[in-house]
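Reviewing the structure listed below.
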Amino acid sequence: MNERPEESGSAPQGESILPIDEHVEEGHDAEGRKVRHRGIYLLPNLFTTGNLFAGFFAIISAMNGKYEYAAVAIFIAMVLDGLDGRVARLTNTQSAFGAEYDSLSDMVAFGLAPALLAYQWALSELGNVGLTVAFIYTACAALRLARFNTQIGKVDKKWFVGLASPAAAGVVAGMVWALKDFGVDGVDMPVPVVMLYALLVAMAGVLMVSNIKFYSFKDLDFKGRVPFVAMLVVVLVFAVVFSDPPRILLLIFLAYAASGPVQYLLQLRRDKVAE
């Protein structure tokens, strides 16, 4: 990675042997001078590429009727998505390119993949209604990611404005994984039950574009020292999750998705009492 002060009128020193332009990103150094960063950071973008591949694999699996594989791939994408941002911050390798690449990967893994999974698994039984619900979720994911990019550095990092797309995907895909693990196929469910699932998918989409705040966990310090008991709690959490991953993960994401509206309603009640 090379950094140099911007030079007006500078020309490239040579042509690449590949017909691919080098990525040049403008920024500022510690003294506020404009500099150009040539190339991209490899480590965080490797995790982002893994996130993208997991989303792509989930789509292919859903199209082939392998719904459990698709749901698991979406959860793997969540882990990789969380790692790329953490790694970038810990190694000081954040970049505008990485942020945009991450959002595009998230759109595939947490926008398109869950919507297609939901449609193939159950919503197709509702005809155009199911198609509309799947599109609403996809569109809301795109809108949420676009809004998030414009709010970087402008909102409190402790909170997400709207449900984060990985959490919404966890609700949609988690329901498929949990029921499929019980041997329940969406196409075999009664229409009223499919309608309830469609409502859940639509609500997950609406929460993504809402102004309801959700705790982001970004203020947690992973570099500092913690009490020994904290490690025991982590081990206990892993043990509980691995005891029954489909249903435990579904409950976790349902609880997180509900936490925002519950907190919002409690705040409205406190404001009303204060009046």
Side-chain angles (χ1 to χ4, degrees), residues 51 54-55 57-62 64-83 106 109-126 130 133-134 137 141 160 163-208 212 214-217 220 230-263:
N51 172 21
F57 181 82
I59 291 174
I60 297 300
S61 298
N64 291 329
K66 299 178 179 178
Y67 305 123
E68 283 182 287
Y69 289 172
V72 171
I74 290 172
F75 279 97
I76 292 175
M78 292 180 201
V79 175
L80 295 171
D81 179 59
L83 287 175
D106 287 354
F110 310 129
L112 289 174
L116 182 61
L117 172 60
Y119 181 78
Q120 289 287 100
W121 183 67
L123 298 185
S124 58
E125 294 299 299
L126 301 178
V133 170
Y137 177 90
F160 288 131
L163 182 64
S165 57
V171 171
V172 175
M175 185 66 71
V176 176
W177 190 13
L179 292 179
K180 187 66 179 174
D181 192 60
F182 276 129
V184 178
D185 286 316
V187 294
D188 297 331
M189 294 190 304
V191 172
V193 178
V194 178
M195 290 292 293
L196 287 175
Y197 179 63
L199 181 62
L200 178 71
V201 174
M203 285 299 299
V206 171
L207 283 175
M208 281 192 284
I212 297 175
F214 294 81
Y215 184 53
S216 70
F217 299 98
L220 297 180
M231 196 62 216
L232 295 178
V233 172
V234 171
V235 172
L236 179 61
V237 169
F238 272 99
V240 171
V241 170
F242 280 100
S243 67
D244 192 354
R247 281 161 286 281
I248 297 299
L249 288 174
L250 175 61
L251 289 175
I252 289 173
F253 281 102
L254 283 174
Y256 180 73
S259 66
V262 169
Q263 180 178 311

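These figures come from a predicted structure and were not determined experimentally. Reckoned from all heavy atoms, side chains included, excluding hydrogens, waters and symmetry mates.
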Identify, with sequence neighbours excluded, every residue that meets side-chain contact (heavy atoms from CB on, under 4.5 Å) alongside [X].
X	result
Met189	Trp121, Ala122, Leu179, Val184, Val193, Val194
Ala113	Ala58, Ile59, Ile74
Ile212	Leu207, Ser210, Phe214, Pro261, Tyr264
Ala118	Leu123, Val172, Tyr197, Val201

**Request:** Go through the structure and list residues passing side-chain hydrogen bond (donor to acceptor under 3.5 Å, both in side chains) with Asp81, not counting sequence neighbours.
**Result:**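 Here no residue qualifies.
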
**Message:** Does anything in residues 163-173 form a salt bridge (Lys or Arg N to Asp or Glu O under 4.0 Å)? List the pairs, not counting sequence neighbours.
**Reply:**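 Of all non-adjacent pairs touching residues 163-173, none passes salt bridge (Lys or Arg N to Asp or Glu O under 4.0 Å).
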
**Prompt:** Under the salt bridge (Lys or Arg N to Asp or Glu O under 4.0 Å) rule, what pairs show up with a residue in residues 187-199, not counting sequence neighbours?
**Reply:**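 Qualifying pairs, neighbours excluded: none.
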
**Request:** Please list, chain by chain and in numerical order, all residues satisfying salt bridge (charged side-chain N to carboxylate O under 4.0 Å, His left out) with Lys66, sequence neighbours excluded.
**Result:**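 Applying salt bridge (charged side-chain N to carboxylate O under 4.0 Å, His left out) to Lys66 gives none.
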
**Request:** Please round to the nearest 0.5 Å and tell me the distance separating atom CG of Leu83 and atom CE of Met78.
**Result:**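 Going from the CG atom of Leu83 to the CE atom of Met78 covers 13.5 Å.
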
**Prompt:** Rounded to the nearest 0.5 Å, how far apart are CG of Leu196 and CE of Met203?
**Reply:**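 The CE atom of Met203 is 12.5 Å from CG of Leu196, to the nearest 0.5 Å.
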
Specify the closest pair of heavy atoms between [X] and [Y], including all atoms of both residues, with the distance to one decimal.
X	Y	result
Trp177	Ala71	CB-CB, 3.7 Å
Val171	Leu250	O-CD1, 3.9 Å
Ala73	Phe57	CB-CD2, 3.8 Å
Gly111	Tyr137	O-CE2, 3.5 Å
Tyr119	Ala134	CB-CB, 4.2 Å
Asn51	Asp106	ND2-OD1, 3.0 Å

**Item:** Trace of the side-chain contact (heavy atoms from CB on, under 4.5 Å) decision for Leu200 with Met175
**Value:** CA-CA 9 Å; Leu200 178 71; Met175 185 66 71; 3.6 Å; yes

**Prompt:** What pairs meet the ring-ring contact (aromatic ring centres under 6.0 Å, His included) rule with one or both residues in residues 234-254, with sequence neighbours excluded?
**Reply:**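 Qualifying pairs, neighbours excluded: Phe75-Phe253.
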
**Asked** Between Val206 and Leu163, is any pair of side-chain heavy atoms under 4.5 Å apart?
**Response**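 Not touching, per the 4.5 Å side-chain cut-off.
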
**Asked** Restricting to pairs with a member in residues 234-245, which pass side-chain hydrogen bond (donor to acceptor under 3.5 Å, both in side chains), not counting sequence neighbours?
**Response**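 Those involving residues 234-245 are Asp244-Arg247.
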
**Tyr256 (side chain) donor-acceptor with Tyr215 (main chain) under 3.5 angstrom** =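 Checked: pair present.
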
